There are 2 protein chains.
Amino acid sequence: MEHNPCRAREILDRVGDKWSLLVIALLGERTKRFTELKREIDGISQRMLTVTLRGLERDGIVTRTVYPVVPPRVEYSLTPMGATLMDAANTLVDWAESHLSEIDAARADYDTRARAEEPVKTS
Amino acid sequence: MEHNPCRAREILDRVGDKWSLLVIALLGERTKRFTELKREIDGISQRMLTVTLRGLERDGIVTRTVYPVVPPRVEYSLTPMGATLMDAANTLVDWAESHLSEIDAARADYDTRARAEEPVKTS
DNA sequence: CTGCATCCCCGGAGATACTG
DNA sequence: CAGTATCTCCGGGGATGCAG
């Protein structure tokens with residue numbers, strides 16, 4: 001059977017946001033703490049890291065382990081299902097890495113041709 | 001070398017929007033016309049289909065062929081690069097299809113436990 | 001250290017109307 | 001048929017401040 005494209009939206013709604021795949025990729029390396037993730041993800045705010053991790057936890061993709069010590073220590077890691085998602089996601093990441101320059105070239109080319117067709121201002 | 005998670009953002013910025021993967025999946029079946037895509041993608045507006053197709057064309061993922069007839073006839077198809085992207089994307093779609101119910105279960109479970117921990121109102 | 005609450009802004013996306 | 005042009009709305013996500 002063919003892929004049902006309509007399901008594609010559901011998965012993208014879950015991991016297609018701004019940070020989820022990044023978090024998944026990093027947790028794929030090993031279990032990490034909150035601050036560790038924060039440090040490794042360039043540009044993410046504290047709020048968005050929390051929001052993203054909660055969402056992934058809710059979906060059964062990451063686990064959250066709280067150690068009752070002071071100062072607090074919280075560790076995040078991938079569930080088995082999360083690990084399988086990471087494999088799928090990495091396929092896309094691989095594609096991105098090997099085609100980004102090609103895309104950039106296509107864009108530059110497209111933009112150049114678009115400019116060439118612009119109406120000439122005679123005033 | 002490991003995957004560079006930061007690149008993941010770039011690919012998601014390109015195909016992680018609301019409609020791109022759907023369009024790519026449908027064009028993966030065969031070349032199609034504008035109205036044909038519009039009919040097959042449930043809920044997409046004319047405007048968003050146009051915007052999405054323009055973006056994919058700009059990135060070198062789809063080609064746009066205009067036949068100078070009346071009424072106008074425009075056909076869209078995947079480029080070779082677009083086809084490789086479809087393969088990668090299908091990996092994610094496959095994952096989605098096989099894990100959606102598991103995710104739904106995880107969510108229901110999470111939400112149930114969250115409610116159980118809510119503060120009791122004694123007033 | 002880890003996280004929640006609040007405010008606010010911007011851009012993605014829908015609705016509608018018009019055109020070659 | 002295959003678009004373009006506006007207007008509008010909503011929510012994702014950033015900044016900041018407070019808390020256990």
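Protein chains get the first letters and strands the later ones, always in sequence-line order, with residue 1 at the start of each. Nothing here was measured: the structure is a model prediction, and the numbers come from that model.
For the pair M48(B) CE and dT16(C) C1', the interatomic distance rounds to 16 Å; values are reported in whole Å. Atoms CG (D17(A)) and C1' (dG12(C)) sit 15 Å apart, rounded to a whole Å. Separating the CD1 atom of I41(B) from the P atom of dA13(C) is a distance of 13 Å, rounded to the nearest angstrom. Atom NZ of K32(A) is separated from atom P of dC1(C) by 17 Å (rounded to the nearest Å). Rounded to whole angstrom, the span from the CD1 atom of I44(A) across to the P atom of dG13(D) amounts to 10 Å.
Take D104(A) and apply the salt bridge (Lys or Arg N to Asp or Glu O under 4.0 Å) test, not counting sequence neighbours, and it matches R14(B). Residues satisfying the salt bridge (Lys or Arg N to Asp or Glu O under 4.0 Å) criterion with R107(A), sequence neighbours excluded, are D59(B). In this structure, the side-chain contact (heavy atoms from CB on, under 4.5 Å) partners of E36(B), at least two apart in sequence or on a different chain, are R30(B), K32(B), R33(B), R39(B), E40(B).
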Which pairs, protein N/O on one side and nucleotides 1-4 of chain D N/O on the other, fall under 3.5 Å?
residue	atom	partner	partner atom	Å
dC1(D)	O3'	R33(B)	NH2	2.9
dC1(D)	O3'	P72(B)	O	3.3
dA2(D)	OP1	R33(B)	NE	2.9
dA2(D)	OP1	R33(B)	NH2	3.0
dA2(D)	OP1	V74(B)	N	3.4
dA2(D)	OP2	T35(B)	N	2.9
dA2(D)	OP2	T35(B)	OG1	2.2
dG3(D)	OP1	R54(B)	NH2	3.1
dG3(D)	OP1	R64(B)	NE	3.2
dG3(D)	OP1	R64(B)	NH2	2.4
dG3(D)	OP2	Y76(B)	OH	2.5
dG3(D)	N7	Q46(B)	OE1	3.2
dG3(D)	N7	Q46(B)	NE2	3.2
dG3(D)	O6	Q46(B)	OE1	3.3

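Sorted by first and then second residue, the ring-ring contact (aromatic ring centres under 6.0 Å, His included) pairs involving residues 73-98 of chain A (not counting sequence neighbours) are W95(A)-H99(A).
Residues V74(A) and V70(A) do not share a hydrophobic cluster, clusters being chains of Ile/Leu/Val/Met/Phe/Trp/Tyr side chains in contact below 4.5 Å.
Through direct or indirect side-chain contacts shorter than 4.5 Å among Ile, Leu, Val, Met, Phe, Trp and Tyr, Y67(B) is connected to V69(B).
Between K18(A) and the phosphate of dG14(D), there is a side-chain N or O to OP1/OP2 separation shorter than 4.0 Å.
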